[in-house]
Amino acid sequence: MQISEILPSDGVKMLASTSSKKRLFQDLGDLAESCYGLAPGRVVEALLDREGLGPTGVGHGVALPHARMEGIERVRGLFIRLEKPLEFDSIDRQPVDLVFCLLAPDGSGVEHLKALALVSRTLRDAAICQKLRANGEIGTLHAILTEGPAIQAA
């Protein structure tokens, strides 16, 4: 699996700032609608439900919100880079500025976990995060996330 298989170029967005985690999820819902034709309200609800189980801020300014939803045929990705970091209840208590969202079919198991492992491994790479933070062009952000050979996920 490669990130390019789950993240289209129109699934990447830059935001100057956002006021809250819920507002960020609304931005992700709007992006999911424009990319995949998903109902934004359903996306927000699914993300909030999953976040209720525990925060998806994994540390070092990275958040990996994810949810399973009906009506999706395969794992889909969205990426938002925030110019102004957002408090996110991350495990290291640091605000986040790199947000990679995964939406998976309701019944998915292994594919969802493989995608989550792939994205997590990619965004644990300090050099990749540094490049993402140094660039503001959508095309460049997409290229950074999707460049290189496939990363073998668990």
Side-chain angles (χ1 to χ4, degrees), residues 1-32 35-36 38 40 43-69 72 75-104 108 110-154:
M1 176 182 288
Q2 298 181 37
I3 288 183
S4 61
E5 296 172 44
I6 59 175
L7 181 68
S9 58
D10 62 345
V12 177
K13 186 174 183 176
M14 280 281 302
L15 286 178
S17 66
T18 191
S19 57
S20 67
K21 189 186 295 190
K22 184 174 182 181
R23 179 65 226 163
L24 174 64
F25 289 172
Q26 290 168 342
D27 291 326
L28 287 166
D30 292 343
L31 191 54
C35 263
Y36 306 119
L38 299 173
V43 172
V44 172
E45 182 180 342
L47 291 172
L48 287 171
D49 286 349
R50 167 53 190 88
E51 200 71 17
L53 300 175
T56 55
V58 296
H60 304 285
V62 175
L64 303 176
H66 55 279
R68 294 180 185 181
M69 297 177 54
I72 299 176
V75 176
R76 304 288 192 167
L78 303 164
F79 178 81
I80 292 180
R81 188 186 127 207
L82 297 168
E83 289 180 26
K84 181 180 176 210
L86 172 71
E87 289 301 322
F88 203 86
D89 301 322
S90 296
I91 58 171
D92 64 357
R93 296 193 163 106
Q94 296 300 310
V96 303
D97 60 345
L98 303 176
V99 181
F100 200 115
C101 175
L102 287 172
L103 302 171
S108 72
V110 175
E111 287 305 306
H112 180 157
L113 296 177
K114 282 183 180 180
L116 199 53
L118 169 64
V119 172
S120 176
R121 207 170 280 141
T122 300
L123 292 178
R124 268 190 304 218
D125 184 321
I128 290 174
C129 290
Q130 184 177 12
K131 287 181 190 177
L132 291 168
R133 290 182 173 113
N135 288 283
E137 293 292 320
I138 302 292
T140 303
L141 294 173
H142 185 261
I144 292 166
L145 287 165
T146 59
E147 71 187 9
I151 296 172
Q152 294 299 314

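As the structure is a computational prediction, the values presented were derived from the model and not from experiment. Sequence positions, counted from 1, serve as the residue numbers for this chain.
Remark: E83 CD is packed, more than 12 non-hydrogen atoms of other residues, nucleotides or ligands lying under 6.0 Å away.
Proximity of I3 to L118: side-chain heavy atoms (C-beta onward) are separated by under 4.5 Å at one or more points. No side-chain heavy atom of R76 sits less than 4.5 Å from a side-chain heavy atom of M69. By the 4.5 Å heavy-atom criterion applied to side chains, L28 and V99 are counted as neighbours. The closest side-chain heavy-atom distance from Y36 to I72 is not below 4.5 Å.
Note: L31 CG to F79 CZ = 11.5 Å, rounded to the nearest 0.5 Å. How far CG of L82 is from CG of L98: 8.0 Å, rounded to the nearest 0.5 Å. To the nearest 0.5 Å, atoms OG (S20) and CG (L86) are separated by 7.0 Å. Taken from OG1 in T122 to CD in E147, the straight-line distance is 10.5 Å, to the nearest 0.5 Å. Here the straight-line distance linking atom CZ of R133 with atom CD1 of I144 works out to 11.5 Å at 0.5 Å rounding. Here the CD atom belonging to E45 is positioned 15.5 Å from the CZ atom belonging to R50, to the nearest 0.5 angstrom.
Between the side chains of R23 and Q26, at least one donor N or O sits under 3.5 Å from an acceptor N or O.
Shortest non-hydrogen contact noted between S90 and V96 is OG-CG1, 3.3 Å. Annotation for D30 and P40: closest pair OD1-CB, 3.9 Å, computed over non-hydrogen atoms. Nearest heavy atom pair, residue F88 against residue K21, reads O-NZ, 3.2 Å. Of all heavy-atom pairs spanning V43 and L38, the tightest one is CG2-CB, 4.0 Å.
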In sequence, state the C-alpha distance, the side-chain angles, and the governing distance for F100 and V62, and then conclude on side-chain contact (heavy atoms from CB on, under 4.5 Å).
-> CA-CA 8 Å; F100 200 115; V62 175; over 6 Å; no
For the pair L103 and L47, evaluate side-chain contact (heavy atoms from CB on, under 4.5 Å) and give the outcome as yes or no after the intermediate values.
-> CA-CA 9 Å; L103 302 171; L47 291 172; 4.2 Å; yes
Decide side-chain contact (heavy atoms from CB on, under 4.5 Å) for M1 and V75; before the verdict, give the C-alpha distance in whole Å, the side-chain angles of both, and the deciding distance to 0.1 Å.
-> CA-CA 11 Å; M1 176 182 288; V75 176; 5.5 Å; no
Evaluate the criterion side-chain contact (heavy atoms from CB on, under 4.5 Å) for residue pair L123 and L132; output intermediate values, then yes/no.
-> CA-CA 10 Å; L123 292 178; L132 291 168; 3.7 Å; yes
Which atom pairs, one a donor and one an acceptor, fall under 3.5 Å between side chains of residues 4-17 and the rest of the protein, sequence neighbours left out?
| from | atom 1 | to | atom 2 | distance (Å) |
| --- | --- | --- | --- | --- |
| E5 | OE2 | Q2 | N | 3.0 |

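Within the 3.5 Å criterion, the main-chain N or O of H60 finds a donor-acceptor partner in the side chain of D92.
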